[in-house]
S.K.: 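I have a structure here, written as structure tokens, and I will follow up with some questions on it.
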Amino acid sequence: MTELSRPDRGERMDRAGRRDRTGRTDGTGRTDRAGRTDRAGLTARGPAAPATPATPPTCAATARTARTARTARTAALGRPRTGVTGPLLRAAPPVAVLALVFLYPLALVVQQSFRPDTGGTSLKPYTDVFASAAFGHALWTTVWLALAATAGCLVLGFLLALIIAFVPFPGARAVARFIDVFLSFPSFLITLALLFVYGTAGMANGLWTHLTGAPQGPFQFLATPWGVLLAEITYFTPFVMRPLLAAFSQLDTAQLEAAGSLGARAPRIVRSVILPEALPALAAGGSLVLVLCLNEFGIVLFTGAKGVTTLPMLVYSKAILESDYPGACVVAVVNVLISVGLYGLYRVVSRRAGA
């Protein structure tokens, strides 16, 4: 009976389902090779395999989906993909306006500088202007006035910015706000104010003659290069103070307190802590002032300084007083080249300073 029952059991197992290579049964009501339960709810012997998590989408699939959605939105809005043509078309109107308003007149000036009064095209206007003593004198006056005014603005602007930023006094914030307003003033307004104070009939000379009975006052320097220098320093100093005040506002006061606690006096703190932080702002402000002083016309004209002829004044005298248009254009081209070169220097310094 025992031997006969064993084949019966094997036969029943064969009827119930055969085992595969992995030891799991197949057929209706049995598990598959992955060990998952079929519709009948029967499982293979042993623990069930865990469910496989869903695979997250890859970056490439996400990018393809985003491109497909963007293309669909573009098609829905009726705007075709233009590539590089779109930005070029949008930039064309402002470039055309710039070329018409600025570049075309500048090109006419350059063209006129190569056309002497005798006709034709030659370098004769350049040779005549460069050989004249008036051009050399104007160039030297322009350069030394611009350099001296820039140095004066750097020194005075640094001192005033130090006082406003680090010396507490009533109205310091109002003074800082006034610096911003002062930048919008025209240059001739400062010159007129100086004439009212230090002019021949100004307040200072009037008070002197009233007190001493002298026929005229001692303040006669406005009609000299020193008067032009004073007016330029007065007008352009706020252009140095503005970036300095911005730099001082970002200075870590803990460094100043640490230097003071170590026994450092105010001059040493300024030299060792404040000045290194202010050098980029000084360089940016000084470069800007140098460019502006080279092209200043209103201050020199309104002071009426005798013997002070800068490059802008030489352009005015040749074009208006002498009717020498080729010579005026030559001086203008030289002035533009110097200004563009210094402006490029200013942009480089400003970029490095972050001003």
S.K.: Look up atom CG in L160 and atom CE in M241, then write down how far apart they are to the nearest 0.5 Å.
M.R.: 4.5 Å
S.K.: Looking only at heavy atoms, which two atoms of A258 and S261 are closest? And how far apart?
M.R.: O-OG, 2.7 Å
S.K.: In Å, rounded to the nearest 0.5 Å, how long is the span from CD1 of I274 to CZ of R268?
M.R.: 14.0 Å
S.K.: May I have the list of side-chain donor-acceptor pairs in residues 163-179 shorter than 3.5 Å, sequence neighbours left out?
M.R.:
none

S.K.: Backbone N or O of V110 within a donor-acceptor pair of the S113 side chain at under 3.5 Å?
M.R.: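 Here the side-chain-to-backbone pair exists.
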S.K.: Between the side chain of T310 and the main-chain N/O of T142, is any donor-acceptor distance below 3.5 Å?
M.R.: no
S.K.: Give a yes or no answer on whether the side chain of T224 reaches the backbone of F221 with a donor-acceptor pair at less than 3.5 Å.
M.R.: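 Indeed, once roles are kept as given, a pair shorter than 3.5 Å links the two residues.
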S.K.: If you define the side chain from C-beta out and look only at heavy atoms, does anything of P225 sit under 4.5 Å from V228?
M.R.: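 A side-chain contact under 4.5 Å is absent here.
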S.K.: Of all heavy-atom pairs between Y235 and I299, which one has the smallest distance, and what is that distance?
M.R.: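 Distance-wise, the nearest heavy atoms are CB-CD1, 4.2 Å.
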S.K.: Check P243 against A281 and note the closest heavy-atom contact, atom names and distance.
M.R.: O-CB, 3.6 Å
S.K.: Start with the C-alpha gap between L301 and F188, add the side-chain angles, then the distance that decides, and say whether side-chain contact (heavy atoms from CB on, under 4.5 Å) holds.
M.R.: CA-CA 9 Å; L301 181 65; F188 70 87; over 6 Å; no
S.K.: Which pairs count as side chain to side chain donor-acceptor pair (under 3.5 Å) when at least one residue sits in residues 318-339, sequence neighbours excluded?
M.R.: N295-S339
S.K.: Do you know the tightest heavy-atom contact between V300 and V308?
M.R.: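 Shortest heavy-atom separation between V300 and V308 comes out as CG1-O, 3.7 Å.
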S.K.: Search all heavy atoms of L294 against all heavy atoms of A146 and return the closest pair with its distance.
M.R.: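 Looking at all heavy atoms of both residues, the closest pair is CD2-CB, 3.7 Å.
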S.K.: To the closest 0.5 Å, what do you measure between CD1 (I190) and OG1 (T303)?
M.R.: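 Atom-to-atom, I190:CD1 and T303:OG1 are 13.5 Å apart.
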S.K.: Between R271 and L275, which heavy-atom pair has the shortest distance, and what is it?
M.R.: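 Between these two residues, the closest heavy atoms are O-CB, 3.9 Å.
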S.K.: Is a side-chain N or O of N205 found less than 3.5 angstrom from the main chain of G199, in a donor-acceptor match?
M.R.: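 Yes; at least one donor-acceptor contact below 3.5 Å.
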S.K.: Side chains of L156 and I233, heavy atoms from C-beta outward: is any pair under 4.5 Å?
M.R.: yes
S.K.: Provide the full list of side chain to side chain donor-acceptor pair (under 3.5 Å) pairs with a residue in residues 180-193, sequence neighbours left out, each pair given once.
M.R.: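 Counting only pairs at least two positions apart or across chains, the side chain to side chain donor-acceptor pair (under 3.5 Å) contacts touching residues 180-193 are D180-R242, S187-E296.
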S.K.: When rounded to the nearest 0.5 angstrom, what distance separates SG in C293 from CZ in F236?
M.R.: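 Separation between the atoms: 4.5 Å.
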S.K.: Please list, chain by chain and in numerical order, all residues satisfying salt bridge (charged side-chain N to carboxylate O under 4.0 Å, His left out) with D117, sequence neighbours excluded.
M.R.: none
S.K.: Indicate yes or no for a side-chain donor-acceptor contact from S317 to the backbone of L314 under 3.5 Å, with no hydrogens or angles considered.
M.R.: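 Here the side-chain-to-backbone pair exists.
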S.K.: In the hydrophobic clustering that connects Ile, Leu, Val, Met, Phe, Trp and Tyr at side-chain heavy-atom distances below 4.5 Å, which members other than V101 occupy its cluster, ordered by chain and number?
M.R.: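 Noted: V101 shares its cluster with V97.
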S.K.: Does a side-chain heavy-atom distance below 4.5 Å link Q112 with V109?
M.R.: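 A side-chain contact under 4.5 Å is absent here.
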S.K.: Only counting residues at least two apart or in another chain, list the ones meeting ring-ring contact (aromatic ring centres under 6.0 Å, His included) with F297.
M.R.: Y316
S.K.: Hey, could you give me the CG/CG distance between L282 and L244, rounded to the nearest 0.5 Å?
M.R.: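 The CG atom of L244 is 4.5 Å from CG of L282, to the nearest 0.5 Å.
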S.K.: Give the cluster check for F102 versus L100: same hydrophobic cluster or not, with ILVMFWY residues linked at side-chain heavy-atom distances below 4.5 Å.
M.R.: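 As far as the 4.5 Å side-chain criterion goes, L100 and F102 are not connected within one cluster.
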S.K.: Which residues satisfy the ring-ring contact (aromatic ring centres under 6.0 Å, His included) test with F185, sequence neighbours excluded?
M.R.: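 F185 satisfies ring-ring contact (aromatic ring centres under 6.0 Å, His included) with F182 only.
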S.K.: How does the hydrophobic cluster around V155 look, that is, which other residues are in it when side-chain heavy atoms under 4.5 Å mark a link?
M.R.: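 Via sub-4.5 Å side-chain contacts, V155 links to L159.
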S.K.: First locate atom CD of E232, then atom CG of L292, and finally report the distance between them rounded to the nearest 0.5 Å.
M.R.: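 Separation between the atoms: 10.0 Å.
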S.K.: Considering only Ile, Leu, Val, Met, Phe, Trp and Tyr, and joining two whenever side-chain heavy atoms are under 4.5 Å apart, list the other residues clustered with Y104.
M.R.: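 Cluster partners of Y104: L108.
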S.K.: So, do C329 and P125 sit near enough that their side-chain heavy atoms are less than 4.5 Å apart?
M.R.: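 A side-chain contact under 4.5 Å is absent here.
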S.K.: Considering residues at least two apart in sequence or located in another chain, which fulfil the ring-ring contact (aromatic ring centres under 6.0 Å, His included) criterion with F158?
M.R.: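 Not a single residue meets the ring-ring contact (aromatic ring centres under 6.0 Å, His included) criterion with F158.
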S.K.: Kindly state each residue pair satisfying side chain to side chain donor-acceptor pair (under 3.5 Å) with at least one member in residues 153-168, sequence neighbours excluded.
M.R.: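 Of all non-adjacent pairs touching residues 153-168, none passes side chain to side chain donor-acceptor pair (under 3.5 Å).
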S.K.: Does atom CZ of F130 have more than 12 heavy-atom neighbours, drawn from other residues, nucleotides or ligands, at distances under 6.0 Å?
M.R.: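 Yes, because the 6.0 Å sphere around CZ of F130 holds more than 12 heavy atoms from other groups.
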S.K.: Mind checking whether F248 and L162 have side chains closer than 4.5 Å, heavy atoms only?
M.R.: yes
S.K.: Would you kindly confirm whether V197 and L195 end up in one hydrophobic cluster when ILVMFWY residues are joined by side chain heavy atoms under 4.5 Å apart?
M.R.: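 Yes.
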S.K.: Suppose clustering is done on Ile, Leu, Val, Met, Phe, Trp and Tyr with side-chain heavy atoms closer than 4.5 Å. Which residues sit in the same group as M203?
M.R.: none
S.K.: Can you tell which of V333, V334, V340 makes a side-chain contact (heavy atoms from CB on, under 4.5 Å) with L337?
M.R.: V333
S.K.: Say whether L207 and L222 are linked into one hydrophobic cluster, either directly or through other cluster members, by side-chain heavy-atom distances under 4.5 angstrom.
M.R.: no
S.K.: L154 and V289: side-chain contact (heavy atoms from CB on, under 4.5 Å), yes or no, with the steps?
M.R.: CA-CA 9 Å; L154 289 176; V289 169; over 6 Å; no
S.K.: What about L139 and L147, same hydrophobic cluster or not, with Ile/Leu/Val/Met/Phe/Trp/Tyr joined at side-chain heavy-atom distances under 4.5 Å?
M.R.: yes
S.K.: Taking the side chain as everything from C-beta on, heavy atoms only, tell me whether W208 gets closer than 4.5 Å to P218.
M.R.: yes
S.K.: Treating Ile, Leu, Val, Met, Phe, Trp and Tyr as nodes and any side-chain heavy-atom pair under 4.5 angstrom as an edge, say whether M313 and V336 lie in one connected cluster.
M.R.: no
S.K.: Is it the case that more than 12 heavy atoms not belonging to W226 sit under 6.0 Å from its CH2 atom?
M.R.: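 Count not over threshold, so no.
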